[in-house]
Number of protein chains: 2
Amino acid sequence: MAVDIREVARRSGVSPATASRALNAHPNVADATRARVLATARELGYQPNQQARALVRQRSDTVGLIWDTGYVRTHGRQSFLQDLLVALKMALAETGYHLMLLSPSSTAASPSDFVSIAAQHSLEGVALMAVNAHLPAVDALIASRRPCVGLDLPVRGARASYVSADNQQGTALAVEHLAGLGHRRIATITGGAGMMPGVERREGFSAAMAAAGLDVPPEYVAEGDFFLESGLAAMRRLLALPSPPTAVFAAGDLMAIGAVRAAEEAGLSVPRDVSVVGFDDIEPASLVHPGLTTVGQDYLAMGRAAVELLVQIIADPRVTGPRGGARRGPAPRLLPGRLVVRGTTAPPA
Amino acid sequence: MAVDIREVARRSGVSPATASRALNAHPNVADATRARVLATARELGYQPNQQARALVRQRSDTVGLIWDTGYVRTHGRQSFLQDLLVALKMALAETGYHLMLLSPSSTAASPSDFVSIAAQHSLEGVALMAVNAHLPAVDALIASRRPCVGLDLPVRGARASYVSADNQQGTALAVEHLAGLGHRRIATITGGAGMMPGVERREGFSAAMAAAGLDVPPEYVAEGDFFLESGLAAMRRLLALPSPPTAVFAAGDLMAIGAVRAAEEAGLSVPRDVSVVGFDDIEPASLVHPGLTTVGQDYLAMGRAAVELLVQIIADPRVTGPRGGARRGPAPRLLPGRLVVRGTTAPPA
DNA sequence: CGTCGTATTGGAAACGTTTCCATGACCCCG
DNA sequence: CGGGGTCATGGAAACGTTTCCAATACGACG
């Protein structure tokens with residue numbers, strides 16, 4: 001059915017070996033021969049079989065994105081991760097790597113086994129996203145020395161690194177913005193404790209507040225889980241305090257939107273009575289009214305950084321053997337956020 | 001490095017042929033032998049090489065999703081399609097097929113060539129999304145008789161079909177809702193004319209209005225392009241009419257949100273002075289205030305339907321030869337929408 | 001003129017599977 | 001006890017490439 005390289009070779013009057021060389025731009029092939037083979041290939045519509053190619057070359061030109069689609073619906077940052085996926089795909093398209101989408105459950109019998117997934121498909125690299133529920137599998141993958149990059153997931157290892165928002169810096173941006181407006185009683189609504197963005201933004205908040213010389217009473221730290229409802233509930237608790245905050249930093253936009261809603265339900269006006277800042281700048285942030293002030297991330301840059309990191313790790317010749325140096329992989333890439341001021345922040349009353 | 005099937009066979013005291021049969025649940029292999037091979041395989045951590053497997057079996061167990069990530073940012077329905085992608089992935093995970101993400105630009109030199117993309121990766125099926133800019137390539141792909149399913153894209157052919165929202169029915173739902181509330185002057189904001197949802201929702205609107213015995217003056221049809229700004233502009237035009245509508249059906253949620261914003265800018269109150277209905281039920285629809293009344297789609301069901309369709313087409317034995325019947329593929333699956341009543345609709349003043 | 005390096009090419013092995021075909025063992029039934 | 005059938009297994013080919021190695025031809029250099 002499909003035309004193979006032998007056919008091309010035969011019609012060009014050369015051997016398959018030479019045809020292969022001509023098609024793959026090998027140096028040692030006569031110009032005339034190369035031209036002839038190329039012409040024949042085009043004429044016949046020859047398409048190299050990637051499986052055969054991968055089999056013999058021992059490399060697939062493919063990277064995988066392991067991504068728990070089930071988890072994604074339950075962790076409140078779905079739209080953020082979907083945007084990130086698109087960014088990753090776009091960045092990858094320019095490198096010549098193909099992208100395979102894989103789910104933890106799809107192949108693994110009992111505990112998910114990323115090592116097997118990667119091995120089966122001869123993945124040259126793996127991107128990991130929303131797999132917080134499969135940390136042992138991630139560790140095993142790293143230990144197998146397969147190139148890895150975590151997206152918003154702190155994976156480190158000899159051939160592993162990660163990209164993430166600079167949560168410390170982004171949080172500082174938000175706090176400085178609020179402090180600059182004159183707020184002194186600033187509370188925070190945190191994200192899930194099991195996720196890196198959750199803990200880093202929480203710690204970043206304390207650090208930034210300290211840097212601004214502001215105090216954070218324990219009751220000003222309200223636990224959330226990145227979902228809207230948790231933002232609503234947390235804000236209700238904060239507003240019920242004897243001395244409620246005049247501004248709130250929520251670790252995620254969805255919670256921030258929930259906080260705004262809670263404030264309005266309590267009869268308060270945002271931003272007049274209370275200011276709210278979110279994080280991530282998801283699409284809805286610009287659509288709600290008033291528009292949500294938030295810390296935006298550059299998804300495209302993040303996708304690019306992830307791909308750069310992965311390509312760099314894959315290409316690194318220092319660690320090819322089984323004991324190729326116990327070094328850490330390249331340093332994580334922390335992408336700075338930018339403050340997007342919309343309508344939910346103002347000086348305190 | 002990796003352990004292959006010969007190793008498993010050797011350690012089990014059988015031939016590779018038998019080992020293969022044991023591992024692939026072939027009927028004719030003794031229970032004891034099978035158990036022995038399975039045990040050895042597990043013990044050795046054997047992982048079959050998918051490329052070799054695909055090469056010899058002439059099937060890859062892989063379907064591709066061709067998806068123009070560039071286009072996706074320019075057509076105003078990004079979040080809808082991203083949700084659909086997730087749904088597709090989830091449905092596919094249960095079938096054993098792997099999913100390869102491909103972009104038109106990634107492989108094609110000049111005009112995008114989906115036939116080549118599919119051939120190179122031995123894709124057993126192809127899902128198509130947001131490729132309105134590559135219709136010739138789509139046609140060529142269909143002509144190549146490779147199983148195809150369009151997502152929100154009307155592809156038909158011997159081995160091709162598509163899934164989509166039932167735009168006619170969904171639009172009727174919206175119009176009936178408005179008419180039921182007592183509205184008689186109902187306008188519409190259309191989507192892009194080049195996209196199926198755009199034209200079907202526009203036609204559906206006229207049909208539903210006629211069925212309700214309502215008139216649609218030409219100036220009540222305002223052109224949009226699915227983006228927020230176009231909804232804003234269209235609504236401004238509608239409100240400037242000598243006899244403005246009391247209700248508006250927008251073909252997409254983003255435009256509907258824009259319409260609400262335009263109404264509020266004009267000093268009107270939604271839904272008191274004017275009602276607005278959208279379509280798609282994207283995430284922001286539930287987050288804006290007032291919540292947008294819209295026609296919701298069941299993404300998960302849509303993803304499932306697409307996968308079912310594709311699997312069915314792939315498995316269809318009637319068309320295997322080059323001239324295997326000029327029949328059309330299975331009928332498209334139109335998924336009914338459901339009306340989600342939130343806060344942007346009310347009886348006319 | 002002989003020898004050596006270089007450029008170009010072909011033959012054949014290899015990648016890791018699956019599957020076709022043949023072989024032998026075994027059982028059942030006449 | 002013989003013949004035909006089924007079952008279990010092994011040998012080897014095949015899938016479509018790339019690449020190692022050898023072979024040839026050619027020019028240059030001593």
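Treat the numbers as computed from the prediction; the structure is a model and nothing was measured.
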Exercise. Can you tell me how far CG of A:L309 sits from CD1 of A:I314, rounded to the nearest 0.5 angstrom?
Worked result: 10.5 Å

Problem set entry | Distance (rounded to the nearest 0.5 Å) between B:L85 CG and A:L85 CG | 5.5 Å

Problem set entry | Non-neighbouring partners of A:E43 that pass side-chain hydrogen bond (donor to acceptor under 3.5 Å, both in side chains), sequence neighbours left out | none

For this session: State which residues pass side-chain hydrogen bond (donor to acceptor under 3.5 Å, both in side chains) with A:S164; sequence neighbours excluded, sorted by chain then number.
Result: none

Problem set entry | Terminal axes of the helix from C:dC1-D:dG30 to C:dG30-D:dC1 (five pairs each): angle between them, nearest 10 degrees | 50°

For this session: Would you classify B:A30 as touching base, sugar-phosphate or nothing, given that sugar-phosphate means primed atoms plus P, OP1 and OP2, and contacts are heavy atoms under 4.0 Å?
Result: sugar-phosphate

Exercise. Among all residues two or more places apart in sequence or in another chain, which pass the ring-ring contact (aromatic ring centres under 6.0 Å, His included) test with B:Y299?
Worked result: B:F80

Seminar exercise, completed: Residues at least two apart in sequence or cross-chain that pass ring-ring contact (aromatic ring centres under 6.0 Å, His included) with A:Y162, listed by chain then number, are none

Only distances under 3.5 Å count here; give the side-chain donor-acceptor pairs of residues 21-33 of chain B to other protein atoms, sequence neighbours excluded, each with its distance to 0.1 Å.
residue, atom, partner, partner atom, Å
B:N24, OD1, B:R53, NH2, 2.6
B:N24, ND2, B:S20, O, 2.8
B:N24, ND2, B:S20, OG, 3.4

Seminar exercise, completed: Residue set satisfying side chain to side chain contact (heavy atoms under 4.5 Å, CB included) with A:A19, at least two apart, ordered chain then number -> A:I5, A:A9, A:V14, A:V37

For this session: Taking side chain to side chain contact (heavy atoms under 4.5 Å, CB included) as the test, write out the residues that go with A:S60, two or more places apart.
Result: A:A54, A:T62, A:S122, A:E124, B:Q51

Exercise. Hey, where on DNA chain C does chain A first and last touch, going 5' to 3'? Cut-off is any atom under 4.0 Å from a heavy atom.
Worked result: C:dT8 to C:dG16

Exercise. Take atom CZ in A:R11; do more than 12 heavy atoms of anything else shown fall under 6.0 Å from it?
Worked result: no

For this session: Only one of B:L128, B:L65, B:L81 passes side chain to side chain contact (heavy atoms under 4.5 Å, CB included) with B:L151; say which it is.
Result: B:L65

For this session: Hey, can you tell me if A:H98 and B:H121 have their rings parallel, tilted or perpendicular (30° and 60° cut-offs)?
Result: perpendicular

For this session: Check DNA chain C against residues 18-29 of chain B and give the residues with a non-hydrogen atom under 4.0 Å, in numerical order.
Result: B:S20, B:R21, B:N24, B:H26

Exercise. Of all of residues 37-52 of chain B, which get a heavy atom below 4.0 angstrom from DNA chain C, listed by number?
Worked result: B:Y46, B:Q47, B:P48, B:N49, B:A52

For this session: Could you check how far CG of B:D31 sits from C1' of D:dT9, rounded to whole Å?
Result: 15 Å

Exercise. Mind checking what makes salt bridge (charged side-chain N to carboxylate O under 4.0 Å, His left out) contact with B:R10, not counting sequence neighbours?
Worked result: B:E7

For this session: Take B:G13 and B:Q58, find for each the nucleotide of DNA chain D with the closest heavy atom, and name the residue whose nucleotide sits nearer the 5' end.
Result: B:G13

